[in-house]
Amino acid sequence: MQVSPKLEVIDLACERGDHRLFSGLGFTLSGGELMQVQGENGKGKTTLLRALCGFVQPVAGAVHWCGRNVEEWDEDFHAQTCYLGHLNAIKDELSALENLLLTAGLADVQLGEKAALDALRRMGLRRKEHLPVRVLSQGQRRRVALSRLLVVDAALWILDEPLTALDVGAVDLMQELIGEHLSNGGMTIFTTHQPLHVAGIQTRELMLS
Amino acid sequence: MTSRLSVFGLLGLVIKRDLLLAMRRRADVLTTLIFFVMVVSLFPLGVGPEPDMLRKMAGGVLWVAALLSSMLSLPRMFSADHIDGTLEQMMLAPQSLTVMVLGKIVAHWMLSGLPLVLIAPVLGLQFDMSAEAIWVLMLALLLGTPVLSMIGAVGAALTLGLRGGGVLVSLLVLPLTIPVLIFGAGAVEAVSGGMDAASNLSLLGAFLLFALVFSPFVASQALRISME
């Protein structure tokens with residue numbers, strides 16, 4: 001992890017089809033900061049997060065990481081981000097444990113089976129570790145997906161509706177995890193339509209309209 | 001930060017992953033193989049059981065059937081990973097997407113091409129092929145079916161997420177596989193006619209090397225375009 005990671009969004013503009021979602025968007029996010037992207041449905045929240053990941057090419061502007069354009073960072077930028085989208089990115093045929101080990105492998109993280117089991121148990125999946133994910137409920141699948149955050153050592157968390165399908169206990173756990181991540185010098189940018197408060201942290205708000 | 005996982009480590013991981021997934025869903029692998037056997041078996045029934053004619057058309061029939069059955073599994077190459085979001089995560093991984101795509105191609109070939117190579121001798125007997133012709137057929141399939149997976153990967157990546165992508169990918173890819181068909185079937189025909197198959201096999205080998213160099217890169221670029 002970098003000493004003081006910093007994400008800068010400079011004059012960003014994105015389109016979907018021929019429709020301009022937002023333009024002239026700029027902000028800076030430093031280590032320890034939490035930012036919530038707000039806006040009505042269809043205002044470009046997901047597009048903004050996907051643009052940060054590099055899935056969407058912005059029509060104008062740039063995203064900088066620690067002072068350098070993310071296009072120059074390329075794969076090294078990906079090593080420092082963890083993106084969780086609407087899709088859980090887990091395989092129905094595999095167990096929660098197999099899913100987590102594979103995810104870690106592809107993300108180039110050395111992960112032992114014990115550490116993986118610990119992460120799943122922390123996410124409240126005790127005794128579900130070896131079941132095929134297809135027999136788990138929507139909330140439990142989301143927990144499997146979120147367990148990725150525990151094993152990947154990324155400075156920047158990009159979370160698109162992380163609380164979907166989660167129960168009250170899991171929402172509390174998420175708030176706790178984000179709190180720990182921030183106090184370790186990480187940063188988080190997220191969207192949600194549910195309240196999410198991290199103790200002792202002022203959530204910065206970014207309104208897309 | 002440099003990558004700790006070597007190219008071969010990553011390649012092995014992706015291949016292992018896809019094989020594991022296939023083992024949990026064996027029906028997909030079997031459909032390709034059964035389709036191949038059925039199409040090939042229909043020809044003797046359709047054109048009549050004259051050994052001379054069967055021997056003459058064996059190479060062509062087996063190759064066309066191999067082409068068609070390899071098309072069956074192409075749409076699945078990336079779409080399952082696309083639908084559940086794992087493809088997104090692969091693209092975000094701090095690793096070379098080209099290497100991951102190559103891994104997926106190799107796994108696809110092991111599941112759709114290799115079984116055809118292994119069952120081809122049995123089907124060759126149906127056509128009264130000589131032992132030598134069967135060997136050449138296997139060798140030609142061994143060189144040619146990976147090319148089908150590689151060209152197919154580019155088509156599958158380009159049509160990812162499109163409606164009716166399954167048919168479209170066949171329409172896109174089949175014309176591009178004609179050279180493989182010509183030289184693959186040509187090798188078998190040459191041996192049956194008492195000639196040497198070396199030139200045909202060398203050309204198939206050249207196609208393989210050419211596809212190996214370009215297709216993983218082109219397919220990974222096509223995936224990036226499809227993801228937008």
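Letters A, B, ... mirror the listed sequences (proteins, then strands); counts begin at 1.
Between A:Asp92 and B:Arg24 there is no salt bridge, since no side-chain nitrogen of the basic residue lies less than 4.0 Å from a carboxylate oxygen of the acidic one. Salt bridge absent: B:Arg17 and A:Glu98 never bring a charged side-chain N and a carboxylate O closer than 4.0 Å.
A 6.0 Å sphere centred on CE of A:Met35 holds more than 12 heavy atoms belonging to other residues, nucleotides or ligands. With a 6.0 Å radius and a threshold of 12 heavy atoms from other residues, nucleotides or ligands, A:Glu180 has its CD atom above the threshold. In the displayed structure, A:Glu72 atom CD is contacted under 6.0 Å by more than 12 heavy atoms of other residues, nucleotides or ligands. Residue-environment remark: CZ (A:Arg121) exceeds the threshold of 12 foreign heavy atoms within 6.0 Å. Other residues, nucleotides and ligands place no more than 12 heavy atoms under 6.0 Å from the CZ atom of B:Phe217.
Listed options A:Arg50, A:Glu93, A:Lys91 were ranked by heavy-atom pairs under 4.5 angstrom with chain B; first place goes to A:Lys91. Among B:Leu21, B:Leu97, B:Leu87, the residue making the largest number of heavy-atom pairs under 4.5 Å with chain A is B:Leu21.
Contact record, A:Ala89 with B:Gly85: CB-O, 3.4 Å, taken as the closest heavy-atom pair.
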Between A:Leu94 and B:Leu20, does a side-chain contact (heavy atoms from CB on, under 4.5 Å) hold up when you go through it step by step? CA-CA 9 Å; A:Leu94 304 181; B:Leu20 180 67; 3.6 Å; yes
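Heavy-atom distances place the backbone of B:Ile83, and not its side chain, under 4.5 Å from chain A. For B:Met100, the part sitting under 4.5 Å from any heavy atom of chain A is the side chain, from C-beta outward, and nothing else.
B:Leu10 contributes atom CG, which lies 8.0 Å from atom CG of A:Asp108 (distance to the nearest 0.5 angstrom).
Contact check for A:His86 versus B:Glu88: no side-chain heavy atoms found under the 4.5 Å cut-off. Within the 4.5 Å cutoff, the side chain of A:Leu106 has no heavy atoms near those of the B:Gln89 side chain. No side-chain heavy atom of A:Asn88 sits less than 4.5 Å from a side-chain heavy atom of B:Asp84. You'll find the side chain of B:Leu92 reaches within 4.5 Å of the side chain of A:Cys53, heavy atoms only.
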